[in-house]
Chemist: 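First the structure, then my questions, so here it is.
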Amino acid sequence: MTKAAQVTQGHTQLGDDGDSLFRAIFEQAAVGICYSDFAGNFIRVNQRFCDITGYSAEELQGRNFATITHPDDVARDEQQGNALIAGQRGPYTMEKRYLRKDGGVIWGRMTVALARTRSGAPHRLIGVVEDISDVIRTEQALKRSEARLQEAQRIARIAAWEIDHQDGSRVWSDEVFAILEIERPGDGNFYLAFEEAIHPADRERVARVYAKAIEEHAPFDMTYRIVMPDGRVKHVEVHGRTFYDDDGRPARSIGTVQDVTQQKLNELALRQAKEAAETANRAKSDFVANMSHELRTPLNAVLGFAQLLETEIAGPVTERQRSYLASIKAGGEHLLELIKDILEFAKIDAGRIGLKIDATDTHQVIAAVLPLIERMAQARDITLNMPAPDAAGWVMADNVRLRQILLNLVSNAIKYNRRGGHVDIACRDVGGGFMRISVADNGQGIPPERQAELFTPFNRLGAETQAIEGTGIGLALAKRLTELMGGRIGYRSVFGEGSTFWVELPAARQVVPGRPVAEARAPGHHPADRRLPDTRPATPDRAAAPGKRRRILYVDDNPAHVRLIEEALGARDCLDLNVVHTPELALEALRTLRPDLILIDLGDPTLTEGASHRRLLAMAGARQIPVLDLGANPAGGDGLDRIDLPRLLAEIARLTA
């Protein structure tokens with residue numbers, strides 16, 4: 001036998017040159033190579049195979065392949081190898097896991113072939129192994145990422161799509177078919193299932209929007225309806241963008257489809273609930289406004305006639321009767337305050353409150369408030385201390401509403417104070433662009449356990465059991481108004497020592513003295529504050545003439561009010577009172593009668609809802625006839641206070657002099 005054909009130690013022998021070449025290739029190969037017998041015991045391995053498994057060649061010599069193969073892969077490897085040895089199959093390739101000496105697990109791609117003798121008889125198994133751990137890890141990470149993406153799409157009910165404009169092919173993610181509630185079609189034209197599901201009434205719009213986006217190279221976003229197999233309608237939101245080739249032709253479009261049906265249903269339910277709430281709120285506001293008017297009308301008559309009795313026009317009044325009248329007036333005024341506060345709350349809730357925010361001098365506002373509560377303070381021997389003009393500041397606020405807030409805070413400080421106590425009003429800059437107006441008292445304070453209930457409407461914190469009048473709505477109203485003006489309200493109270501309440505409003509630049517800050521002026525203390533300005537020139541023919549009678553046109557549809565005014569003015573021989581019940585009749589009267597004064601309640605909706613009252617006021621202004629508002633509120637509110645008969649008579653006397 002020649003040397004080239006010698007077989008030594010169970011290996012096919014080559015010539016010297018061939019043997020050297022084989023050894024060089026075997027040892028320096030970039031892949032692992034191993035020889036084993038048919039039982040799977042290693043006969044020879046190269047260095048790369050040792051590197052892959054972590055064992056030395058000596059440690060692997062005679063070792064069975066199963067000892068370094070993951071248990072889950074052994075049976076499959078044996079099955080393939082046995083079929084190869086039996087001639088039932090040719091060389092095979094499989095991916096399997098190897099157990100390294102250091103305990104690690106790596107993935108290898110192994111190709112196994114049969115080495116034969118020169119005569120062609122099966123002799124040994126030869127395996128070539130490539131480390132593919134990095135590839136497997138990358139594939140696994142990709143699969144996990146795809147699984148997360150699919151799960152995220154399922155949770156969000158959002159799907160991805162792509163259109164290739166070159167060949168017209170479409171790619172849709174699985175979630176598309178979940179949205180459509182159908183199985184993925186098997187004919188390849190699955191994209192038609194989605195496009196054909198578009199609601200017939202929306203198809204033309206969808207096609208138009210998509211074509212326009214393609215033409216203008218712009219993203220497209222649209223929401224439309226799709227029809228389910230059972231006829232149900234869903235809403236989907238589609239977003240996409242298109243990429244173009246170098247010639248500006250569309251190459252591909254990608255985007256998303258999201259099922260927003262529940263969102264649309266929620267929006268519809270929210271809109272319906274909002275509309276229902278607004279309807280209920282309007283009904284409530286209308287009811288409160290109407291009830292306030294209906295309650296105010298008889299109360300004004302009660303208070304008016306009580307005042308009329310006090311004037312002794314109808315005859316002398318005894319001291320006992322005068323005390324009865326005082327009780328009637330006090331009770332009526334308390335009810336009117338309650339009505340006014342409730343109506344104010346209703347207006348805020350309905351968004352019907354108007355604010356005129358302007359630079360406001362806090363000293364001027366405080367000075368306007370104090371005269372309104374001086375009598376209350378004197379009755380309780382309370383000292384009122386207000387800041388000096390140079391210690392006050394300017395804020396951005398509605399002048400009337402700020403007076404209303406301070407009137408509530410100061411009146412509370414008086415009512416809940418101790419006899420002989422004091423109320424200190426201060427104003428200072430607290431930084432951050434805010435000025436603080438504080439009202440401090442040294443009264444009984446608020447128990448710590450009740451302080452959380454502050455600013456709750458109609459909650460008087462137990463004061464209802466004491467002989468202190470109140471509605472429990474003032475603080476809540478002050479808070480609402482403060483916040484509407486962009487401010488904040490707060491307090492500090494120590495039980496047994498007193499309380500301090502404050503409002504903080506945006507600071508304003510001081511206005512040059514003599515230059516008006518806002519159109520609204522600070523009101524005086526008579527009901528003429530809301531009358532139209534008297535623009536009549538001071539000419540001799542308008543001057544008072546002895547014995548000259550003055551004509552008054554009185555517009556009112558309330559018999560009790562009419563009788564009150566008739567009784568109050570009937571004793572004055574110099575006045576002629578002409579009563580009409582509607583603005584329309586007042587317009588007719590103006591054509592034949594030139595009155596010296598018009599009396600009307602501008603806060604009465606039954607007289608002011610139509611256009612006639614506007615024409616009446618315009619005609620009065622053109623003819624320079626003063627208009628006196630019977631419903632004017634001395635505090636600058638909404639005309640809910642009682643008719644102050646003495647002041648009304650004084651104002652009539654002034655205007656008709």
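Note that the structure is predicted; figures quoted are calculated from it, not measured.
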Chemist: Is a donor on one side and an acceptor on the other found under 3.5 Å between the side chain of Q451 and the backbone of I446?
Modeler: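 It does hold such a pair.
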Chemist: Counting N and O atoms only, with roles assigned by atom type, does the side chain of T256 sit under 3.5 Å from a partner on the main chain of A159, one being a donor and the other an acceptor?
Modeler: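 Here the side-chain-to-backbone pair does not exist.
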Chemist: S499 versus V494: any side-chain heavy-atom pair under 4.5 Å?
Modeler: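 The answer is no, as the side chains (C-beta and beyond) never meet within the 4.5 Å cut-off.
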Chemist: Determine whether a donor-acceptor pair (N or O, by modelled atom type, separation under 3.5 Å) exists between the side chain of T362 and the backbone of G393.
Modeler: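 Yes.
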Chemist: Salt bridge (Lys or Arg N to Asp or Glu O under 4.0 Å) with R436: which residues, sequence neighbours excluded?
Modeler: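 E504.
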Chemist: Does any N or O in the side chain of N64 come within less than 3.5 Å of the main-chain N or O of A39, such that one atom is a donor and the other an acceptor?
Modeler: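 The answer is yes, because a donor-acceptor pair under 3.5 Å joins these two groups.
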Chemist: Decide if atom CZ of R100 counts as having more than 12 heavy atoms of other residues, nucleotides or ligands within a radius under 6.0 Å.
Modeler: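 Yes, CZ of R100 has more than 12 neighbouring heavy atoms, counting only those of other groups under 6.0 Å.
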Chemist: Take Q140 and R137, measure what side chain to side chain donor-acceptor pair (under 3.5 Å) needs, and give me the verdict at the end.
Modeler: CA-CA 5 Å; Q140 290 175 340; R137 280 193 292 269; over 6 Å; no
Chemist: So, using salt bridge (Lys or Arg N to Asp or Glu O under 4.0 Å) as the criterion, who are the partners of E139 when residues are at least two apart?
Modeler: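 Here no residue qualifies.
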Chemist: Decide yes or no on side chain to side chain donor-acceptor pair (under 3.5 Å) for T111 and T93, but give the supporting numbers first.
Modeler: CA-CA 4 Å; T111 299; T93 299; 3.0 Å; yes
Chemist: List the steps, then state whether side chain to side chain donor-acceptor pair (under 3.5 Å) holds for T223 with H235.
Modeler: CA-CA 7 Å; T223 300; H235 295 262; over 6 Å; no
Chemist: Indicate yes or no: does E267 engage R271 in a salt bridge with an N to O separation below 4.0 Å.
Modeler: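 Answer for the salt bridge query: no.
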Chemist: Does atom CD (E78) have a neighbourhood of more than 12 heavy atoms from anything else shown, all under 6.0 Å?
Modeler: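 Atom CD in E78 is crowded, with more than 12 foreign heavy atoms closer than 6.0 Å.
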Chemist: Considering the options I52, I106, V105, which one meets the side-chain contact (heavy atoms from CB on, under 4.5 Å) requirement together with S133?
Modeler: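 Answer to the side-chain contact (heavy atoms from CB on, under 4.5 Å) test with S133 among I52, I106, V105: I106.
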Chemist: Using side chain to side chain contact (heavy atoms under 4.5 Å, CB included) as the criterion, list what pairs up with I126, not counting sequence neighbours.
Modeler: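 I126: side chain to side chain contact (heavy atoms under 4.5 Å, CB included) contacts with I33, Y35, A113.
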Chemist: Is it possible for you to check whether R450 lies under 6.0 Å from the centre of the six-membered ring of F495, through NZ or CZ, and within 45° of that ring's axis?
Modeler: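 Judged by the rule, R450 and F495 form no cation-pi pair.
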Chemist: Does D202 pair with R225 as a salt bridge, N-O distance under 4.0 Å?
Modeler: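 Looking at D202 and R225, the cut-off is met.
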Chemist: What I want to find out is whether D73 reaches R97 closely enough, with some N-O distance under 4.0 Å, to be called a salt bridge.
Modeler: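 A salt bridge is present here (some side-chain N lies under 4.0 Å from a carboxylate O).
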Chemist: Just jot down the ring-ring contact (aromatic ring centres under 6.0 Å, His included) partners of F501, sequence neighbours excluded, or say none.
Modeler: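 Counting only residues at least two positions away or on another chain, F501 forms a ring-ring contact (aromatic ring centres under 6.0 Å, His included) with Y491.
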Chemist: As an exercise, state the distance from CZ of R109 to NZ of K96, rounded to the nearest 0.5 Å.
Modeler: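 Nearest 0.5 Å value for the CZ-NZ distance: 14.0 Å.
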Chemist: Check K212 with E215, please: is the shortest side-chain N to carboxylate O separation under 4.0 Å?
Modeler: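 No, E215 and K212 are not salt-bridged.
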Chemist: Is the shortest distance from a Lys or Arg side-chain nitrogen in E59 or K101 to a carboxylate oxygen in the other one below 4.0 Å?
Modeler: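 Result for this pair is yes, salt bridge flagged.
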Chemist: State yes or no: are the ring centers of H217 and Y244 separated by less than 6.0 Å?
Modeler: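 Between H217 and Y244, the centre distance is under 6.0 Å.
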Chemist: Within 45° of the six-membered ring axis of F38 and under 6.0 Å from that ring's centre, is NZ or CZ of R124 located there?
Modeler: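 R124 over F38 ring: no.
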Chemist: Can a cation-pi geometry be assigned to R241 and F220, taking NZ or CZ under 6.0 Å from the six-membered ring centre and within 45° of the ring axis?
Modeler: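 R241 over F220 ring: no.
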Chemist: Using modelled atom types only, decide if a donor and an acceptor are shared between the side chain of D247 and the backbone of R249 within a distance under 3.5 Å.
Modeler: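 No, the answer is negative, given that no donor and acceptor are paired below the 3.5 Å cut-off.
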Chemist: Would you call R252 and E162 a salt bridge, taking side-chain N to carboxylate O under 4.0 Å as the test?
Modeler: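 So R252 pairs with E162 through a salt bridge.
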Chemist: So which pairs with a foot in residues 68-120 pass ring pair (Phe, Tyr, Trp, His ring centres under 6.0 Å), sequence neighbours left out?
Modeler: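 Counting only pairs at least two positions apart or across chains, no ring pair (Phe, Tyr, Trp, His ring centres under 6.0 Å) contact touches residues 68-120.
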Chemist: Hydrogens and angles aside, do H239 and E237 bring a side-chain donor and acceptor to less than 3.5 Å of each other?
Modeler: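 H239 vs E237: donor-acceptor pair found between side chains.
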Chemist: Under the salt bridge (Lys or Arg N to Asp or Glu O under 4.0 Å) test, which residues partner E204, sequence neighbours left out?
Modeler: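 Partners of E204 under the salt bridge (Lys or Arg N to Asp or Glu O under 4.0 Å) test: R208.
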Chemist: Evaluate the side chain to side chain donor-acceptor pair (under 3.5 Å) criterion for residues Q404 and N408: first the C-alpha distance (whole Å), next the side-chain angles of each, then the deciding distance (0.1 Å), finally the verdict.
Modeler: CA-CA 6 Å; Q404 190 175 356; N408 274 320; over 6 Å; no
Chemist: Is the closest side-chain heavy-atom distance between Y55 and I68 below 4.5 Å?
Modeler: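 Y55 vs I68: side chains touch.
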Chemist: Just verifying a value: how many Å separate L505 CG and I357 CD1, rounded to the nearest 0.5 Å?
Modeler: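 Spacing of CG (L505) from CD1 (I357) equals 8.5 Å.
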Chemist: Compute the centroid of each ring, for F42 and then for F49, and state whether the two points are separated by less than 6.0 Å.
Modeler: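 Between F42 and F49, the centre distance is under 6.0 Å.
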Chemist: Looking only at non-hydrogen atoms, find the nearest pair between I182 and P229 and report the distance.
Modeler: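 Closest heavy-atom pair between I182 and P229: CG2-CG, 3.7 Å.
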